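Ligands are counted one by one from 1 in listed order, and the atoms in each one are counted from 1 as well. What you are looking at is a predicted structure, and each value in this text was computed from that prediction instead of being measured.
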Amino acid sequence: MTPFTYFISDLHLSADREDINHCLFEFLHEKAVQADALYVLGDLFEVWIGDDDQNSFTLSIAKAFHALSQSGVPVYFIHGNRDFLIREPFAKQAGFKILPEQVVIDLYGEATLIMHGDELCTKDIDYQRFRKKARSWWWPRIMLSLPLATRRKLAIKGRAASQQKQSKLSADIMDVTPEEVLNTMQKFAVKRLIHGHTHRPAIHELVINSQAAQRIVLGDWYEQGSVLKVSKDHIELTSMQF
Ligand code: MN
């Protein structure tokens, strides 16, 4: 079998979506075990209020990822805008390694930039302002020092406000800014970018400095399990039915 690597993102896991969780368990157990590595590019969880929010659901997810890494498949995680409060204790439980928010990996000889992708949506000024604060050293520290019950209330309030705001934003604002994509890819000197976040799965062919380039967007898991499989000569964006 040709060696390959899997990428997933935007699963938005929660205790009340058994269908998604089941699809993930099957994917990890049957498919991901054959991969060279699995990269989770953010928004693994619908919401994450701290590694101390332990319950049977989070434990079952951690256990499934841990089993995969124990079987010899390294698992890497990049924070999304929903689960940027995941820290070392949960990473250890789940057996995955947390990567920086933007990182270049060597994917069978092709330098590939990977990220969650929310940083590319620069037209959403309010969100970018929040992101800057949320990713600062002080904001997570204050948040995580609050009691769990308070964090839970704040998360519900924040989610409602964000949903209300998103319903008013145009599709254009919620997608990536094309110029930001080009600038970022040039900055990292790559011809391939893989990200999630926008829930618009696609393989976009681009031209950067007169050279062919690609932006691959992973899909979300609300309706089906979206998976990207990359080998040396082949890129496949597929979906698994629940
Ligand atoms: Mn996201």
Side-chain angles (χ1 to χ4, degrees), residues 6-17 20-21 23-24 38-50 53 58 61 65 75-87 90-91 94 96 98-103 113-136 139-140 143 151 154-178 180-181 184 193-204 215-228 237 239:
Y6 273 134
F7 296 85
I8 55 175
S9 75
D10 303 277
L11 289 84
H12 295 274
L13 300 177
S14 64
D16 59 357
R17 282 297 302 267
I20 306 180
N21 303 337
C23 184
L24 172 67
L38 170 65
Y39 288 85
V40 182
L41 303 188
D43 287 0
L44 173 60
F45 292 100
E46 176 75 358
V47 63
W48 194 262
I49 56 173
D53 186 25
T58 58
I61 303 298
F65 277 103
V75 183
Y76 302 99
F77 173 78
I78 291 182
H79 290 118
N81 52 301
R82 305 292 194 91
D83 51 16
F84 60 87
L85 286 178
I86 288 180
R87 293 289 181 270
F90 183 74
F96 59 52
I98 300 177
L99 298 179
E101 53 189 46
Q102 300 177 332
V103 63
L113 175 62
I114 56 174
M115 60 175 74
H116 180 57
D118 52 327
E119 59 266 69
L120 298 171
C121 302
T122 53
K123 283 182 197 141
D124 189 348
I125 310 273
D126 287 344
Y127 171 69
Q128 292 303 333
R129 200 173 289 144
F130 169 75
R131 186 182 198 279
K132 203 174 165 199
K133 182 174 78 176
R135 303 294 183 108
S136 68
W139 194 86
M143 281 306 286
R151 273 179 271 155
L154 285 173
I156 292 167
K157 243 173 89 180
R159 190 68 210 117
S162 150
Q163 265 165 351
Q164 205 194 8
K165 208 199 105 193
Q166 271 177 22
S167 64
K168 289 185 199 141
L169 288 181
S170 70
D172 168 53
I173 288 177
M174 289 179 24
D175 202 356
V176 299
T177 309
E180 187 66 16
V181 169
T184 307
L193 165 65
I194 301 174
H195 71 83
H197 181 67
T198 59
H199 302 188
R200 290 169 162 90
I203 301 176
H204 300 276
R215 176 170 71 94
I216 304 166
V217 188
L218 306 175
D220 61 274
W221 283 48
Y222 280 126
E223 310 290 340
Q224 73 279 305
S226 181
V227 173
L228 174 72
L237 198 51
S239 59

| field | Residue H197 atom name (nearest to the Mn ion (ligand 1); N/O/S) | value | ND1
| In H116, which N, O or S atom comes closest to the Mn ion (ligand 1)? | NE2
| said: Taking the ring of F84 and the ring of H116, is the distance between their centroids below 6.0 Å? | reply: no
| request: State whether T198 contributes an N/O/S atom found under 2.8 Å from the Mn ion (ligand 1). | output: no
| Do L13 and L44 come close enough that some side-chain heavy atom pair is under 4.5 Å? | yes
| Test: K165 and D124 ion pair at under 4.0 Å | yes
| task | Please state whether the separation between the Mn ion (ligand 1) and some N/O/S atom of D43 is under 2.8 Å? | result | yes
| message | Between R135 and E101 (salt bridge meaning N to carboxylate O under 4.0 Å), is one present in this structure? | response | yes
